[in-house]
Structures are given as C-alpha cells and as structure tokens.
2 protein chains.
Amino acid sequence: MTIHEKVDAPMQCGSCPIRHRAVCARCEADELAALDAIKFYRSFQAGQTVIWAGDQMDFVASVVTGVATLNQVMEDGRTQTVGLLFPSDFVGRPGRSGSPYNVVAETDLLMCCFRKKPFEELMARTPHIAQRLLEMTLDELDAAREWMLLLGRKTAREKIASLLAIIARRDAALHLNTPSGRMVIELPLTREAMAAYLGLTLETVSRQMSALKREGLIELSGKRTVIIPDYEALMIEAGEDADGGLPA
Amino acid sequence: MTIHEKVDAPMQCGSCPIRHRAVCARCEADELAALDAIKFYRSFQAGQTVIWAGDQMDFVASVVTGVATLNQVMEDGRTQTVGLLFPSDFVGRPGRSGSPYNVVAETDLLMCCFRKKPFEELMARTPHIAQRLLEMTLDELDAAREWMLLLGRKTAREKIASLLAIIARRDAALHLNTPSGRMVIELPLTREAMAAYLGLTLETVSRQMSALKREGLIELSGKRTVIIPDYEALMIEAGEDADGGLPA
DNA sequence: CCCGGACATTGACCCAAGTCAAGAAACCAT
DNA sequence: ATGGTTTCTTGACTTGGGTCAATGTCCGGG
C-alpha cells in the first residue's frame with residue numbers, strides 16, 4: 001500500500017492528494033515501499049495537545065484526517081496560532097530540533113508518522129523527497145508571511161473575512177474547483193481557536209461574525225456552519241487581491 | 001574563488017560564514033567551482049526597492065553586505081515587513097514562482113546572485129545544496145512563526161524590546177559570542193522601518209523608545225546607536241524565554 | 001557656518017479592540 | 001425530555017495604540 005492510497009480511515013490521502021502524493025509522486029515503486037515500511041498511524045482526540053519540541057518528538061508526520069492548530073506559547077500563557085494543519089499538511093522538521101510548538105487537535109485527528117532517523121536516511125537516498133519537502137516548506141513560508149501581514153496590518157473585520165476565505169479555499173480545493181459565488185463552509189475551529197489564529201479575543205471574533213451576519217455578508221446555521229452568499233463580496237472585506245494569495 | 005571567500009567588497013562571506021559557507025560547506029571542489037561559475041554580484045542603493053515577484057526575478061540571491069527588508073504590501077498601501085535580510089541571508093525561491101515581495105535596501109546593499117536555471121540544475125546534481133536550503137528555509141519558517149507571536153500578542157513595548165534583542169543577537173553572532181551584559185548596537189533601520197516590521201506606527205515606536213530610555217533600559221547616542229546597559233533586563237521586557245528563540 | 005530637508009520626538013485627541021460580566025444557545029449524558 | 005457543561009453572544013466600560021499636527025534634532029552641501 002502506498003502512502004496516498006486509502007487506509008481504513010474515512011478520508012485518507014485520496015481525498016486531498018496534492019501534498020501526500022507529492023511526497024512520493026515522482027518516487028519509484030521501491031522508494032514507495034521504503035516509505036510505507038517506516039510509516040505508522042497515530043490518532044488524537046479533539047482537544048488533545050501535543051508538545052512538539054524538536055528534540056522530544058522523534059518523528060515527523062502529516063495529517064490524514066481532522067484539523068489541528070500549531071501554536072506558539074509565551075511563558076505567561078499568551079498563545080498565537082501560527083498555522084492550521086489540514087489533511088495532507090506536514091508537521092515537524094527533519095534534521096536537528098527547531099523551536100518548540102504546541103499542536104492542538106481541534107477535531108479528532110489521525111496522523112501518518114515517520115520516525116525521523118529512517119525518514120532522514122530515506123531523504124538522503126531519495127532527492128525527490130527532499131526537493132518536494134523544500135517546495136512544501138517554501139509554500140508554508142509564503143503562507144506564514146502572508147499571515148504576518150494580516151496580524152500586523154489588518155482590522156478585526158478583515159481578519160475574520162480572511163480566515164473564512166482560507167477555509168473556503170481549502171474546501172474548494174478539495175473538490176478541485178475555484179472558490180466563487182455561494183458557498184457553504186464548516187468551521188473546524190471554535191471562536192477561541194479562531195481568535196488565537198487571528199491575534200484577537202474570542203469576544204471580538206464573535207462581535208465581528210455578528211456584524212458580518214447583520215450586513216448579509218455571511219449567514220450562520222448553528223455556530224459552526226457558515227454560508228457565504230457571495231464569495232467575491234467577502235473577499236473585498238478581506239482586503240486581499242482577487243486571486244487570493246495563500247497557496248497552502 | 002569560492003563563494004565564501006573574500007571579494008573586493010569590505011565584508012564578504014568570511015565575516016558571517018554560517019549561511020554562505022553552509023550552502024557549499026559539504027560540497028566538493030568541482031561543485032564549488034560550479035557555484036562560482038554561475039554567480040554574479042549586484043549592488044543597490046539605500047532606499048531602493050526591488051519588486052521580487054517570483055516570475056519576473058529570474059535569480060535567487062544572498063546578501064553580502066548591508067541590510068534589507070522583505071515586505072508584503074496590500075493594494076491600499078499598508079505594508080508589513082516580514083523579514084530582515086542581513087549579510088548571508090537568502091532571498092528568492094528556486095522552483096516556480098511564489099508570492100511577490102518588495103525587497104527594500106535599508107542601507108547600501110551588495111548581493112550575490114545566481115540565475116535560477118543553472119542554480120536549480122546545480123541543486124538537482126548536488127543534494128547537499130538542496131538539503132542545506134531546506135534547513136535554512138525551516139529556520140526562516142521558525143523565525144517567521146516566532147514573529148507571528150510577536151505581531152499577534154505582544155505589546156508595543158515588548159515588540160521594541162524584541163527587535164532590539166534580535167539585532168543585538170545578530171551583532172553578537174558576528175563576533176561569535178553570546179549576547180549578554182552591556183552592549184552597543186547600531187540600528188540599521190529608520191523608525192519607520194522598525195514600525196513596518198513591528199506592526200506599529202512610527203510614532204508609537206518613537207514613544208516606546210523614549211519610554212525605555214526614560215526607564216534606563218536603553219540609552220541613545222544619536223538616533224541610530226543604542227546602548228543596552230543590561231541585555232538580560234531588556235530580555236525580560238521582550239517577554240521571551242531567556243535563551244531567546246530566533247535562530248535566524 | 002548656516003541653511004534646508006529628512007528623520008525623530010512629543011502632545012492632544014480618538015477609536016478599535018480588550019476586559020469584565022451577564023445571559024443565551026447549543027450539546028451532551030443521563 | 002432534563003439538567004449540567006461548554007460555547008457563544010451581547011453589553012458597558014477601559015485602554016493601548018493610531019491619527020493629526022506641531023516642534024525638534026541631525027546631517028550634508030554650499
């Protein structure tokens with residue numbers, strides 16, 4: 001079984017082949033087998049936190065199902081989410097340790113893990129994998145920098161609209177089409193998690209959601225289901241160029 | 001001449017060997033020669049802006065002397081600096097285009113450039129280079145994420161202290177020691193550029209600098225020279241763990 | 001030495017978002 | 001259904017940092 005084939009989990013890599021397949025798309029059969037040989041699966045419950053300090057975590061992983069957040073935490077407890085991890089996204093770094101992060105499972109989570117040692121050995125033998133990992137990391141860097149613009153310069157309203165845009169784009173990408181017109185999206189995050197990602201408080205998030213609803217830019221069905229009547233109109237609120245920069 | 005040897009410029013790679021040498025440290029002599037064959041130098045005047053959109057820029061580069069900032073810009077002109085480029089730092093991405101950035105020379109600047117095509121070919125032939133580039137990119141990603149915490153959660157005062165800390169650490173690294181005690185640093189940035197990096201306005205930067213000065217945490221000699229009487233005391237203001245996270 | 005322009009500081013005022021606190025909705029497990 | 005918990009909304013109030021505007025300081029060139 002290759003890394004991008006189905007496992008018993010409901011939504012394995014087949015549903016979001018871009019990243020997973022990318023790790024191995026250009027690999028030969030024997031390289032695929034090598035990847036399969038060193039992988040294993042781990043699941044986490046919603047709400048569970050994993051402290052992903054470079055040294056203590058001796059594996060890298062990629063999300064198979066569910067959504068997690070990657071968080072930076074200050075000693076006094078202030079927390080900033082620095083990345084969303086959707087299915088096919090990669091966590092951890094090969095090589096020596098980097099900064100420590102908290103990974104919080106926002107929903108039940110299944111991850112596909114590779115022990116660092118054998119993964120690195122495989123990387124050394126298989127240039128495709130290293131190259132693909134570089135590409136993915138560069139994309140993440142672009143995304144992080146775009147998010148810095150949001151954190152440093154956008155208003156609360158623009159931040160909310162941008163977050164909805166990201167989720168809408170992800171959703172659209174899963175169905176292999178471009179986001180536009182009327183869309184229905186499912187928020188995988190609580191108001192608190194949204195606030196953590198946007199550099200706001202949960203009260204401000206709630207207020208701005210209400211404001212967008214009042215003005216007809218979104219509709220809410222329950223707390224977590226958001227209907228976007230007009231994707232393009234919402235984009236204008238986000239203050240982004242029409243094409244929408246984030247590739248990740 | 002290898003990439004990390006002196007050129008006629010005052011402070012070529014020898015002064016900050018970590019990154020430059022790293023690109024080629026594990027390369028064989030012929031690979032070094034190949035790198036040398038495709039490199040060329042370009043200089044920019046202080047204040048000059050280069051639009052580094054993936055497609056139009058057909059080279060990658062690394063800073064030899066001077067300091068530049070990497071900026072994200074919104075259509076309405078709001079600007080966020082997303083990275084400082086010190087000597088030995090790398091700009092541009094091999095592979096297909098990424099997001100467009102503005103690179104602004106904050107001082108006179110000398111860059112060492114490599115045309116993309118031959119650089120990529122070299123990368124494909126030389127796994128060391130690809131691996132080293134991956135490491136560097138992962139470090140940058142860590143730095144970007146640490147900065148997201150600053151942008152999203154720190155107060156103006158903490159932001160200023162953190163920026164001074166970064167510059168102090170860079171300075172110390174150049175002399176191969178750890179930052180501590182009394183330090184004298186030279187700001188390579190105007191108040192405006194500091195504000196752009198910190199997600200503040202220049203007035204707020206100025207006010208907070210004055211406040212830190214009033215409280216004896218820093219002294220100013222002229223506008224650009226900052227004396228830090230007690231590095232550790234300033235670190236506390238920055239709200240960072242003592243060891244100071246940013247490796248980049 | 002003095003002038004002009006760029007850069008920096010300071011003050012007065014304002015507003016977006018944070019804080020604190022009370023309810024309301026949704027979501028369980030019995 | 002029912003009660004208890006968690007999550008979300010809304011209101012009243014405060015505040016950090018933005019905005020606008022006036023000065024001040026530095027530095028290079030004539």
Side-chain angles (χ1 to χ4, degrees), chain A residues 45-48 69 74 76-80 104 106-108 150-163 186-215 218-226 237 239, chain B residues 45-48 74 76-80 104 106-108 150-164 186-215 218-226 237 239:
Chain A
Q45 291 177 351
Q48 209 176 333
T69 55
M74 290 172 70
D76 65 6
R78 276 178 284 176
T79 299
Q80 174 66 47
V104 177
E106 298 293 331
T107 65
D108 288 338
L150 175 143
L151 289 171
R153 298 295 175 200
K154 290 192 180 178
T155 64
R157 158 185 276 252
E158 288 170 329
K159 287 178 174 182
I160 300 281
S162 298
L163 178 56
E186 199 65 24
L187 292 180
L189 304 173
T190 64
R191 297 287 184 267
E192 189 175 17
M194 291 172 71
Y197 196 21
L198 298 169
L200 299 170
T201 58
L202 77 167
E203 292 96 326
T204 301
V205 171
S206 186
R207 270 189 261 272
Q208 294 297 335
M209 291 285 286
S210 300
L212 289 175
K213 180 178 160 192
R214 211 177 308 126
E215 298 169 34
I218 61 173
E219 295 157 34
L220 295 176
S221 151
K223 288 169 176 176
R224 300 295 200 85
T225 306
V226 179
E237 297 301 321
Chain B
Q45 290 179 352
Q48 207 176 334
M74 289 171 68
D76 64 6
R78 278 178 282 177
T79 299
Q80 175 66 48
V104 177
E106 298 293 331
T107 65
D108 287 339
L150 174 142
L151 289 172
R153 298 297 176 199
K154 290 191 179 177
T155 64
R157 159 185 276 252
E158 289 170 328
K159 287 178 174 182
I160 299 281
S162 298
L163 178 56
L164 294 176
E186 199 66 23
L187 291 181
L189 304 174
T190 65
R191 297 287 184 267
E192 189 175 17
M194 292 172 69
Y197 197 21
L198 297 168
L200 299 171
T201 57
L202 77 166
E203 291 97 328
T204 299
V205 170
S206 187
R207 271 189 261 271
Q208 293 298 334
M209 291 286 285
S210 300
L212 290 174
K213 179 178 163 192
R214 212 177 307 126
E215 297 168 35
I218 61 173
E219 295 157 33
L220 295 177
S221 153
K223 288 168 176 175
R224 300 294 199 85
T225 306
V226 179
E237 297 301 322

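Chain A is the first sequence line, chain B the second, and so forth, proteins listed ahead of strands; every chain is numbered from 1. Fair warning: this is a prediction, and the values are worked out from it, not measured in the lab.
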Length of the [atom1]-[atom2] vector between [X] and [N], whole Å:
X: Ile160(B); N: dA8(C); atom1: CD1; atom2: P; result: 12 Å
X: Arg153(A); N: dG17(D); atom1: CZ; atom2: P; result: 13 Å
X: Lys223(B); N: dA8(C); atom1: NZ; atom2: P; result: 6 Å
X: Lys159(B); N: dG17(D); atom1: NZ; atom2: P; result: 7 Å
X: Met194(A); N: dT9(D); atom1: CE; atom2: P; result: 9 Å
X: Lys154(A); N: dA16(C); atom1: NZ; atom2: C1'; result: 17 Å
X: Leu220(B); N: dT25(D); atom1: CG; atom2: P; result: 14 Å
X: Arg207(A); N: dC15(C); atom1: CZ; atom2: P; result: 18 Å

With sugar-phosphate meaning primed atoms plus P, OP1 and OP2, does [X] contact a base, only sugar-phosphate, or nothing at under 4.0 Å between heavy atoms?
X: Arg224(A); result: sugar-phosphate
X: Leu202(B); result: nothing
X: Gly47(B); result: nothing
X: Ser210(A); result: sugar-phosphate

Task: Phosphate OP1/OP2 of dC8(D): any Ser206(A) side-chain N/O under 4.0 Å - done: no

- [ ] Look at Thr204(B) and dG18(D) and indicate whether a side-chain polar atom (N or O) is within less than 4.0 Å of OP1 or OP2.
- [x] yes

Open item on the list: Are the side chains of Met74(A) and Lys154(B) in contact, using a 4.5 Å heavy-atom criterion?
Closed with: yes

TODO: Would you kindly compare Thr201(A) and Leu189(B) by the position of their nearest DNA chain C nucleotide and give the one closer to the 5′ end?
DONE: Leu189(B)

- [ ] Map Gly222(A) and Arg214(B) onto DNA chain C by nearest heavy atom, then report which one ends up closer to the 5' terminus.
- [x] Arg214(B)

Open item on the list: Can you tell me which nucleotide in dT10(C), dG18(C), dA21(C) comes closest to the side chain of Glu203(B)?
Closed with: dT10(C)

Open item on the list: Side chain of Gln208(A) only, heavy atoms from C-beta on: which candidate in dT9(C), dA17(C), dG18(D) is closest?
Closed with: dA17(C)

- [ ] Measure the OG-CG distance between Ser206(B) and Leu200(B) for me, rounded to the nearest 0.5 Å.
- [x] 12.0 Å

Open item on the list: Tell me whether Thr225(B) contacts the main-chain N or O of Lys223(B) through its side chain, where contact means a donor paired with an acceptor under 3.5 Å.
Closed with: no

Mind listing the closest non-hydrogen atom pair of [X] and [Y] along with its distance?
X: Thr204(B); Y: Ala156(B); answer: CG2-CB, 3.8 Å
X: Met194(A); Y: Leu189(A); answer: CG-CB, 3.9 Å
X: Pro188(A); Y: Thr107(A); answer: O-CG2, 4.2 Å

Task: Bending between helix ends of the helix from dC1(C)-dG30(D) to dT30(C)-dA1(D) [5 pairs per end, 10° resolution] - done: 40°

Task: Intermediate values then yes/no, side chain to side chain contact (heavy atoms under 4.5 Å, CB included), Asp108(A) and Gln48(A) - done: CA-CA 9 Å; Asp108(A) 288 338; Gln48(A) 209 176 333; over 6 Å; no

